[in-house]
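Step one of this worksheet: look at the structure below.
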Amino acid sequence: MEIVLKEKIKEAVKIIYNSEVKDDLIQIQETRKDFKGDFTLVVFPLLRFSKNTPEKTGETIGQYLKDNFTAVSGFNVIKGFLNLEISDAWWVEYFKKIAAEKTHLENCKVSHPETILVEYSSPNTNKPLHLGHIRNNLLGFSLYRILSGCGHRVIKTNIVNDRGIHICKSMLAWQKFGNGETPESSGMKGDHLVGKYYVLFEKNYKEQVEKLIQNGIDATEAKNSATLMKETREMLLKWETGDEEIVSLWKMMNSWVYVGFDETYKKLGVDFDKIYYESDTYKVGKDIVLRALKEKILYRNEDNSVWADLTPDGLDQKLLLRSDGTAVYMTQDLGTAVDRYKEFNFDKNIYVVGNEQNYHFQVLKALLKRIGYNWADGLIHFSYGMVELPEGRMKSREGTIVDADDLIKEMQLTAMEVSLELGKLSDFSDEEKEDIFRKIGMGALKYYILKVDPRKNMTFNPAESIDFNGNTGPFIQYTYTRIKSVFRKAEHLGINTGQISFSGTKTGPKEIELIKLLRKFSETVSAAATSYSPALIANYCYDLSREYNQFYHDFSILGEAEEEIRNFRMVLSKVTSEIIYTGMWLLGIEMPERM
RNA sequence: GGUUCCGUAGCUCAGUUGGAUAGAGCAACAGCCUUCUAAGCUGUGGGUCGCGCGUUCGAGCCGCGCCGGAAUCACCA
């Protein structure tokens, strides 16, 4: 509509003022709720052509549009704003098109689909997933749904940081203090068990360091020379040389972790098309580094460590191989990127990684380009903000880490309590109830996290828990189930709910408001795809739900005596439910049929 | 100190390429269930958009300078 209006306005200016107008001078926006009208033309930029007051110019153009464009049924001018009223008939015609859509994502399809890798989750195998990972997983998965919804070929990948010094820490602690404990023997989830040994390592290591410092040794020196650290480094070296005992220990402990992760992923409803393991890719990275070293792109330090000098790019020196020859994080990320490009020839490779690693990705990109990989332009760091607690950042030392499994469980329990209190599900089987509690609890959690602009840090208050009223997932789910309920009743009454025909000649302002909002769905999804922001869709779903709830409250649907009006309201409700469903689907949020 | 990001109601957050009187929810208070689900709807109060200057017909949004906060600048990942 805006496009057509623009053309008409250009035409108007040409005929009335005999001037050609550039597109960007014609600013059309939706009319604010406080004024009468649907679209508003900002006339200030056109004064140079009219050489007249804003009011007079608005009047003149408005009159022209009303006379020459049937969709415009009226207008008013306030200050420099020309408010155009669009006829109900036009809106209804528009709505008919939306109602006929098969998926509601048709208009979002891009003209040139790309191959896009989305890397998300990226856990370390030394501890279980926490709240930060939840944000990561939800963002990554939603991004996948949104981009593929827009027609891109999207590959979900995960890089598992399954090697490195931190992994050796939990291995060493288990070797020393574990007494052969396994997930079976302890009844602990595998990732939590391994995490327990990581914590144990840190505790003992800290004690050693403190003892050394008390004996008068300098702090950095103490950290380096503590027996546990020395042993860990030896272990890493052994691991890199393929020591059988270490490798089999590593395999065993990692396998425990994977079982645990899979369980959490399943509960979160996320999955992957291809999983990379750092233990595979770090070698590729090492080769790349050594080759680049030969080509003098990198340099070797006196102590045998290998570095890149990125000062010409405005960055620093970056270590790529330690003096003992082992690889660091950056080394393997080089390998992973190259591997992926070889395999998928991607247009974009999106890394869903926290903003604490902004520098890392700047370096990664610069480094790849330096080595000669021009496709590195397609690397995108989708940098999201940290999740903080009311008292600040989560700290393992202070035991304030919010565990993913615990949180999920808690959300579902809360959903259960609230549901039981409201007592609307008494005629359901336990199994069905469980399913509904799960959907509501996860819906609340997911929405809570996804509604926030991903780039921003967000605060999570576990004490207040997550609300189920207002701008929340359950509110949107509730709206959806209300519509479902209407249709159940309609069927019960023997009203045909399949093909509902309507002409829409009798519509009220509330219905038109809803149509306007429904119309904005595809542009919202497109915006979410280009700006990588599921939050746009979340907030849209909320706006739509709120608008529908008002409509639902003010008007009876099935109780409407006039069939013409009733049918129109039914279709309006149906399309609303479809769009809410689709929007929430893009966020990875499941919808219950009743709640 | 360098770089990057963030400062909007008591709290959590929205706010399109700069447009009209800055919006929601939570919390507080006051109403609305004989009806398709009250996890809802309606109303009231609540703001120096961190501060200042500049660009502009017009700035929460753009530029510069401060103030406050976060991240990062590891032979950690």
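Order of the sequence lines sets the chain letters (A, B, ...), proteins ahead of strands, with each chain counted from 1. Remember, predicted model here, so these are calculated numbers, not experimental data.
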_At under 4.0 Å between heavy atoms, how does the protein contact nucleotides 27-36 of chain B? Give one character per nucleotide, 5' to 3', with B, S or -._
---------B
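Contact annotation: A:Lys456 reaches the phosphate of B:G7 (side-chain N/O to OP1 or OP2, under 4.0 Å). In terms of phosphate contacts, A:Arg455 brings a side-chain nitrogen or oxygen within less than 4.0 Å of OP1 or OP2 of B:C6. Phosphate contact (OP1/OP2 of B:U16, side-chain N/O of A:Lys520, threshold under 4.0 Å): absent. OP1 or OP2 of B:G23 has at least one side-chain nitrogen or oxygen of A:Arg32 nearer than 4.0 Å. At the phosphate of B:G25, neither OP1 nor OP2 sits under 4.0 Å from any side-chain N or O atom of A:Lys451. Considering only side-chain N and O atoms, A:Gln550 lies under 4.0 angstrom from the phosphate OP1 or OP2 of B:U42. An OP1 or OP2 oxygen of B:A71 is reached within less than 4.0 angstrom by a side-chain nitrogen or oxygen of A:Arg393.
With both ends at atom P, the span from B:G1 to B:G40 equals 48 Å, rounded to whole Å.
A:Asn471 and A:Arg546 are not linked by any side-chain donor-acceptor pair at a separation below 3.5 angstrom, with hydrogens and angles left out of the test. With hydrogens and angles left out, the side-chain atoms of A:Tyr120 and A:Asn158 include no donor and acceptor closer than 3.5 Å.
Checked against the 6.0 Å centroid threshold, A:Phe551 and A:Tyr548 count as a close aromatic pair. Between A:His360 and A:Tyr329, the ring centre distance stays below 6.0 Å.
Ranking B:A70, B:U72, B:U12 by closeness to the A:Thr459 side chain, first place goes to B:U12.
In this structure, A:Ile449 places its CD1 atom 16 Å from P of B:U12, rounding to the nearest Å. Distance OH (A:Tyr542) to C1' (B:C26): 10 Å, rounded to an integer number of Å.
Judged by distance alone, with hydrogens and angles left aside, A:Thr40 brings a side-chain donor or acceptor within reach of the base of B:A20, the pair sitting under 3.5 Å. With hydrogens and angles ignored, a donor-acceptor pair under 3.5 angstrom links the side chain of A:Asn83 to the base of B:A20.
The aromatic rings of A:Tyr480 and A:Tyr581 sit tilted, their planes meeting at an angle between 30° and 60°.
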*Test A:Glu590 against A:Arg438 for salt bridge (Lys or Arg N to Asp or Glu O under 4.0 Å), laying out the working first.*
CA-CA 9 Å; A:Glu590 293 180 78; A:Arg438 185 182 61 78; 2.9 Å; yes
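Residues A:Val486 and A:Leu558 are in side-chain contact: their nearest non-hydrogen atoms beyond the backbone lie under 4.5 Å apart.
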